[in-house]
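Step one of this worksheet: look at the structure below.
Since the structure is predicted, the reported quantities are computational estimates derived from the model, not experimental observations.
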Amino acid sequence: MKNLSKQLLKEAVSLGLCTPFTNSWIDRGIIGFIDFYKRNPDWCLEVKYPSDHILAENFNNEITRSKGVYYNQNHIDITCINNSTTAAIYILIKCDGILRVKGNDVVRCYISRESNVAFEIQDDAILYIDVYDDSKIKINKKDNSKYKIFYGNSKCTNKNR
């Protein structure tokens, strides 16, 4: 794990990680890195950190999915209803699937790097979508639900139904 931590730090510094984060970097394992990613999603997505290679080797597993981070997954099927899952979901690199938000949930979803996600929002749910790169989204809104889309460095295709 120390090797992974050193690799992550080296890559982050090469992409412009600020001095305070660099100086305070410690090895906290996969969970610690996921926490770092969740605290800094905009920076990570804008600079495409970590690289596809690091993600492929270390972040396509049950641990990351249990923390709401999906990498290179086909046929994702996630339902959030009345706080049944994490409040933020990260769909990264060539994922496709559906995210349903129901009840009174408030969910934020980050998608990037060629992902293709359909969203179904209903009841009184609220969904915030941060889209990066060339991802594709479709939105099906029902009832009193609401959504807001934020476009990062995106060439996103938004096909509302």
Side-chain angles (χ1 to χ4, degrees), residues 1-80 83 85-101 105-119 121 126-139 147-158:
M1 193 57 65
K2 284 200 181 287
N3 190 32
L4 174 60
S5 181
K6 287 178 183 178
Q7 192 176 4
L8 287 166
L9 177 58
K10 182 178 178 181
E11 185 175 312
V13 169
S14 75
L15 294 169
L17 184 67
C18 68
T19 302
F21 271 113
T22 301
N23 291 341
S24 65
W25 188 278
I26 59 172
D27 182 4
R28 292 190 177 106
I30 294 284
I31 300 300
F33 176 74
I34 290 170
D35 291 341
F36 168 84
Y37 194 95
K38 287 182 168 187
R39 286 190 314 271
N40 305 283
D42 294 317
W43 181 81
C44 292
L45 291 168
E46 286 172 12
V47 300
K48 297 182 179 180
Y49 174 78
S51 66
D52 294 0
H53 173 73
I54 291 175
L55 284 169
E57 287 187 2
N58 301 283
F59 293 92
N60 191 5
N61 56 55
E62 285 302 316
I63 295 170
T64 57
R65 288 188 287 278
S66 73
K67 295 293 187 178
V69 178
Y70 297 83
Y71 164 76
N72 198 19
Q73 298 285 298
N74 291 317
H75 312 295
I76 294 171
D77 192 342
I78 305 166
T79 299
C80 303
N83 298 315
T85 62
T86 181
I89 296 171
Y90 305 80
I91 300 175
L92 312 171
I93 307 178
K94 297 181 182 176
C95 290
D96 71 69
I98 187 164
L99 172 62
R100 296 176 188 87
V101 185
D105 264 9
V106 177
V107 174
R108 184 161 212 152
C109 182
Y110 294 86
I111 53 178
S112 74
R113 302 191 215 177
E114 301 179 40
S115 292
N116 185 3
V117 182
F119 296 94
I121 314 157
I126 300 172
L127 176 64
Y128 298 100
I129 307 167
D130 291 74
V131 184
Y132 289 82
D133 308 314
D134 49 0
S135 294
K136 297 177 183 174
I137 61 175
K138 292 181 184 177
I139 300 170
Y147 68 91
K148 174 102 175 135
I149 302 169
F150 302 93
Y151 296 97
N153 60 347
S154 180
K155 300 173 197 136
C156 167
T157 302
N158 179 358

Heavy-atom distance under 4.5 Å between the side chains of [X] and [Y], does that happen here?
X      : Y      : answer
Val117 : Asp96  : no
Ile111 : Ile137 : yes
Tyr90  : Lys38  : yes
Tyr110 : Val131 : no
Ile63  : Ile31  : yes
Ile129 : Phe150 : no
Ile98  : Thr79  : no
Ile89  : Ile78  : yes

Which heavy atom of [X] sits nearest to which heavy atom of [Y], and what is that distance?
X      : Y      : answer
Ser112 : Leu45  : OG-CD2, 3.4 Å
Leu127 : Cys109 : CD1-CB, 4.3 Å
Asn72  : Cys95  : N-SG, 3.3 Å

As a quick check of understanding, evaluate side-chain contact (heavy atoms from CB on, under 4.5 Å) for Ile121 and Ile139, giving each step before the final call. CA-CA 8 Å; Ile121 314 157; Ile139 300 170; 3.8 Å; yes
Separation between [atom1] of [X] and [atom2] of [Y], rounded to the nearest 0.5 Å:
X      : Y      : atom1 : atom2 : result
Asn116 : Asp134 : CG    : CG    : 10.5 Å
Leu92  : Gln73  : CG    : CD    : 10.5 Å
Ser115 : Lys136 : OG    : NZ    : 11.5 Å
Ser135 : Asp130 : OG    : CG    : 11.5 Å
Tyr151 : Ile149 : OH    : CD1   : 4.0 Å

With a cut-off of under 6.0 Å to the ring centre and 45° to the axis, is Arg65 in cation-pi contact with Phe59?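 Verdict for Phe59: no cation-pi partner in Arg65.
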Sequence neighbours excluded, which residues qualify as ring pair (Phe, Tyr, Trp, His ring centres under 6.0 Å) partners of Phe21?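 With sequence neighbours excluded, Phe21 shows a ring pair (Phe, Tyr, Trp, His ring centres under 6.0 Å) to Phe36, given in chain and number order.
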Listed by chain and number, what are the ring pair (Phe, Tyr, Trp, His ring centres under 6.0 Å) partners of Tyr70, not counting sequence neighbours?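 Applying ring pair (Phe, Tyr, Trp, His ring centres under 6.0 Å) to Tyr70 gives none.
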Under the criterion side chain to side chain donor-acceptor pair (under 3.5 Å), I'd like the reasoning laid out for Tyr71 against Asn61: C-alpha separation, chi angles, the key distance, then a yes or no. CA-CA 9 Å; Tyr71 164 76; Asn61 56 55; over 6 Å; no
Look at the side chain of Asp27 and the backbone N and O of Gly29, then say whether any donor-acceptor pair between them is shorter than 3.5 Å. yes
Under 3.5 Å, which donor-acceptor pairs link side chains of residues 47-58 to any protein atom two or more places apart or in another chain?
{"from": "Tyr49", "atom 1": "OH", "to": "Leu8", "atom 2": "O", "distance (Å)": "2.8"}
{"from": "Ser51", "atom 1": "OG", "to": "Glu11", "atom 2": "OE1", "distance (Å)": "3.2"}
{"from": "Ser51", "atom 1": "OG", "to": "Ile54", "atom 2": "N", "distance (Å)": "3.4"}
{"from": "Asp52", "atom 1": "OD1", "to": "Arg113", "atom 2": "NH1", "distance (Å)": "2.5"}
{"from": "His53", "atom 1": "NE2", "to": "Glu57", "atom 2": "OE2", "distance (Å)": "3.1"}
{"from": "Asn58", "atom 1": "ND2", "to": "Ile54", "atom 2": "O", "distance (Å)": "3.0"}

Looking at Arg28 and Asp35, is any side-chain nitrogen of the basic one under 4.0 Å from a carboxylate oxygen of the acidic one?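 A salt bridge is absent here (no side-chain N lies under 4.0 Å from a carboxylate O).
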